[in-house]
Amino acid sequence: MLDKKLVKILDNIAILLEIKGENPFKSRAYSNAATLIRENQIDVFKEVQDGTLGNIKGFGEALVKKLTDYVQNGKMSYYEKLTSEIPESLVDIIKINSMGPKKTKLVYEELGIKTVNELEDSCLNGSLAKVKGFTDKTIEIILNSIAHKKASKGLFLQNSVIEYAEKLLNQLKSDYDIIDAEISGSYRRFAETISELQIIASTKNPETINEKFKSIFGAELKGSQLKLTTNENVPVTIEFIKPEEYIFKLHESTGSDDYISAFNNLIKEKGKKSYSYFKSEVELYNEIGIQFVTPELRESSKALEKAKQFKIPKLIGNSDLKGMLHVHSNWSDGRNTILEMALKSKELGFEYIVMCDHSRSAGYTNGLSIERVQAQHEEINKLNNENHGIKILKGIESDILNDGSLDYPEEVLDSLDIVVASIHSSFNMSKSKMTKRIIAALASPFTTILGHPTGRLLTSRQPYEVDIREIIDAAADYGKIIEINSNPYRLDLSWENVIYAKEKGVKIAINPDSHKTTTLEDVFIGVKVARKGWLEAKDVVNCLDYDDFMREVVKK
DNA sequence: GCCGTTTTCGGCCCGACTGTTTTCAGTCG
C-alpha cells in the first residue's frame, strides 16, 4: 500500500529545506525519495521490516534511518523538529506563482507571513509592496494566482477519485441488500473536474438501509442521503432508491440542469409518466421515442435536439485507436526505453507508435540535440529492422520558440515523420502575441500537430492567454491537426473547443503525452474527451491504420 | 543527502525569461 502521508512528508521536507536555504541537492534527495516511492509504489513499511530499503538506489543511510523512525513510531522526529523551526504552511505559499523559496522565506521573515490568506492580506493592505522585490506587477501575479487557487478549491480531477469511487461502488454492489448501483453526476458525464461524487443505489428497502451503511462507511445521514468525505476531502453522497425508480433517478442525477430540464419538458410533451419502471436508460429513451444519448453528451439540451432527429453519430471508442502518438522515452525525460514504450503500446492493441521526445531548447528535459536526433533515428531504424510487431515512427515534440519558429533547422525537421509543436516557455506573453506565436508555428510546413494547445494544468495552472478559436481557425486554414492531450491534468483541447474544431473541419489527434509505460493507457481518457466533443473515428487521425496514416498524415 | 568510486569527496540538469538589474537573482518549465 502506498503511504500517501509519508510521500507528502518527504515532499514537504524538500520544500522546507529549500526555503531554509539548505543545499538544493539535499532538498532534491528528499523529493527524489518521494517520487521513487510514489512512482514505483514502494512499500516502505515492508522494506524497513525486511531491512532492504537501503538496497534501493536513492535511499542512503540518512533516509533509511528517518524512514525507519517513521515506520516504527508512526511519525518522523526529524520532520517534527523541522516544522517546529519553520511553519509547515509555507509549503502552500511556494505553490503561488512567482513565490519561490527565496521570496517565501523573505515574506516570512520580514512580515511573519505563514499562510496564503496572510499573503493575500499583505497584497491588499499594501504591506507587501514595502518589501524589496515586490512591485505592483509581482503583486498582481500573486493575487491572480491566489484567486485561481481559490476558484479551484473544492474541484477535483476525475483521475484523483476514480480508484476510491470504484472501490466504494464495488463495496455497495457486493452487498446483498443492493440490487444495482452507479456513480452519477458530473463524474458520469466525464466533466473535466468534479466537486463531489454522487452515487445512486437501488434497494427494496431504502427506508431502513441508511442505518446499515451509515455505520459501514462512517457516514452522516442528511434527509434521505448518506454523506461522507474521502481521504482527499472529496464529498460523497449516496442515495438509496426503490428499484422501480432507480433508472429514472440515475438518469436525472447524471445530466446537467439544462439537459434534465429539457428532458423533463419532453416527457410532458409526450404525456408520459416520470416514474414508470425502466430496466435501462436505453429503454427510457425508447419509451420517449428519441435516440439514446450517452452520458458524456448530457451537458447541453442541444444533444436532445439531435436525439429527436436521430442524428447523434456513432462516437469514437477505445478500440478505434490504432496509433500511439506523442510518446516520450528515456532519450529525453521519459522513464522507459523506446522498445518498452513500443511493446506496451502493442500489448494495448496499437499498430504503430510515434516517438516524440523533447527538442533541444527544452534543456531541463534533456531535449535532443541535432546529433542525438540522428542517433535516435538510427536506434529506431534498428528496432524496426528487428521487427517487434509494432511500427515505430520518428517524431519530435518541438518547442515553439518565442517568435513562433520550430526548434531545429529545416533539414532536421525534414528528416522527421511527425512534428508535434508545443509551448513550453514564456507563458506570460500577451494574448495577441501568444496567438500570433502559435499561428506562426502552425504556418510552418513542418508542423504536423499542435500539442497541448492551452497549456493548462487542471486545478493548478491557468491556461496561457491565447485566442483558442483563432488558433483553431488557423489550423483549419493550414490543414493542421490539433491534439487532445490525454494527460489527466491537461485534457486540452477542451471538449467545448473540440466541438468547435470539428465544426471547422480540423482533424484531432488523441495523444497520451506519456513519459512511462504505466501511463500509456491515459490515451483512453482522451477518448472520453473526444466523445464529449462529439468526435467520430473519422475525425481522429490516429484511428487511421498504419498505411493510411503514412499516406494521409506523414507524407502530407 | 546520494552516488560512485582514484574509499573521500566532487558532482548532482539547465537555460531562458522576468522584474528590477544597470550585471543580476529568482522563478519556471
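Each chain gets a letter, A, B and so on, in the order the sequences are listed, and its residues count up from 1.
If you check B:dG1, B:dC12, B:dG19 against the side chain of A:Ile141, the one that comes closest is B:dG19. Relative to the side chain of A:Ser426, the nucleotides B:dC13, B:dC17, B:dG1 differ in distance, and B:dC17 lies closest.
With C1' as the reference atom, B:dT18 and B:dG1 are 32 Å apart, rounded to whole Å. Rounded to whole Å, the P atom of B:dC13 lies 25 Å from the corresponding atom of B:dC24. B:dT23 sits 16 Å from B:dC17 when the C1' atoms are compared, rounded to a whole Å. Rounded to whole Å, the C1' atom of B:dC3 lies 13 Å from the corresponding atom of B:dT7. Taking atom P on both B:dG15 and B:dT21, the two are 26 Å apart, rounded to the nearest angstrom. B:dG29 and B:dT22 are spaced 27 Å apart, taking the C1' atom of each and rounding to whole Å. Distance noted for atom P between B:dC14 and B:dC9: 24 Å (whole Å).
Residue A:Gly58 comes nearest to A:Leu36 through the heavy atom pair CA-CD1, 4.1 Å, listed as atom of the first residue, atom of the second, then distance.
As rounded to whole Å, 15 Å separates atom P of B:dG1 from atom CG of A:Leu53. Per the geometry, CD1 belonging to A:Ile139 stands 13 Å off C1' belonging to B:dG19, to the nearest Å. Computed from coordinates, the A:Leu36 CG to B:dC2 P distance equals 12 Å when rounded to whole Å. Atom pair A:Leu82:CG and B:dG1:P shows a separation of 11 Å (rounding to whole Å applied). Here B:dC14 presents its P atom at 10 Å from CG of A:Asn366, a figure rounded to the nearest Å. As a whole-Å value, the separation of A:Asp333 CG from B:dC13 C1' is 11 Å. Distance CG (A:Asp11) to P (B:dG1): 16 Å, rounded to an integer number of Å. Between A:Arg360 atom CZ and B:dC14 atom P there is a gap of 18 Å when expressed in whole angstrom units.
Side-chain contact check for A:Asp522 and A:Thr519: no donor-acceptor pair (N or O, by modelled atom type) lies under 3.5 Å. At a cut-off of 3.5 Å, with distance as the only test, a side-chain donor of A:Ser422 or A:Glu397 sits close to an acceptor on the other residue. Side-chain contact check for A:Asn381 and A:Lys394: at least one donor-acceptor pair (N or O, by modelled atom type) lies under 3.5 Å. At a cut-off of 3.5 Å, with distance as the only test, no side-chain donor of A:Asp467 or A:Thr435 sits close to an acceptor on the other residue. Checking A:Tyr500 against A:Asp473 by side-chain atom types alone, a donor-acceptor pair falls below 3.5 Å.
Ring planes of A:His515 and A:His358: tilted class, angle from 30 to 60°. Between A:His452 and A:His326, the ring-plane angle classifies as tilted under the 30° and 60° cut-offs.
Evaluated for a side-chain hydrogen bond (donor to acceptor under 3.5 Å, both in side chains) with A:Glu296, the options A:Arg531, A:Arg189, A:Lys528 yield exactly one hit, A:Arg531.
Backbone-only contact: A:Lys132 has heavy atoms under 4.0 Å from sugar-phosphate atoms and none from a base. If you check every strand for non-hydrogen atoms under 4.0 Å, A:Lys65 touches nothing. No contact: A:Ser27 has no heavy atom under 4.0 Å from any strand.
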Between the protein and nucleotides 3-11 of chain B, which nitrogen or oxygen pairs are less than 3.5 angstrom apart?
| residue | atom | partner | partner atom | Å |
| --- | --- | --- | --- | --- |
| B:dC3 | OP1 | A:Gly58 | N | 2.4 |

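Applying the side chain to side chain donor-acceptor pair (under 3.5 Å) criterion to A:Thr448, with sequence neighbours excluded, gives no partner residue. Residues forming a side chain to side chain donor-acceptor pair (under 3.5 Å) with A:Gln72 (at least two apart in sequence, or on another chain): none.
Within a heavy-atom distance below 4.0 Å of DNA chain B, no residue of residues 403-413 of chain A is found.
A donor-acceptor pair under 3.5 Å is formed between the side chain of A:Ser398 and the backbone N or O of A:Asp407.
Nucleotide B:dT8 is matched to nothing when pairs are restricted to Watson-Crick or G-U wobble geometry with both distances under 3.5 angstrom.
Within the structure, no pair that satisfies the side chain to side chain donor-acceptor pair (under 3.5 Å) test touches residues 101-119 of chain A, not counting sequence neighbours.
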With sugar-phosphate taken as primed atoms, P, OP1 and OP2 and all else as base, the protein-contact string of nucleotides 22-29 of chain B at under 4.0 Å (heavy atoms; B, S, -) is ----SSSB
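In this structure, A:Asn402 reaches the B:dC17 phosphate: one of its side-chain N or O atoms is under 4.0 Å from OP1 or OP2. Between A:Arg28 and B:dC13, a side-chain N or O to OP1/OP2 separation shorter than 4.0 Å is present.
Remark on DNA chain B: of its neighbouring residues A:Ser361 and A:Lys26, the 5'-side contact belongs to A:Lys26, judged by nearest-heavy-atom nucleotide.
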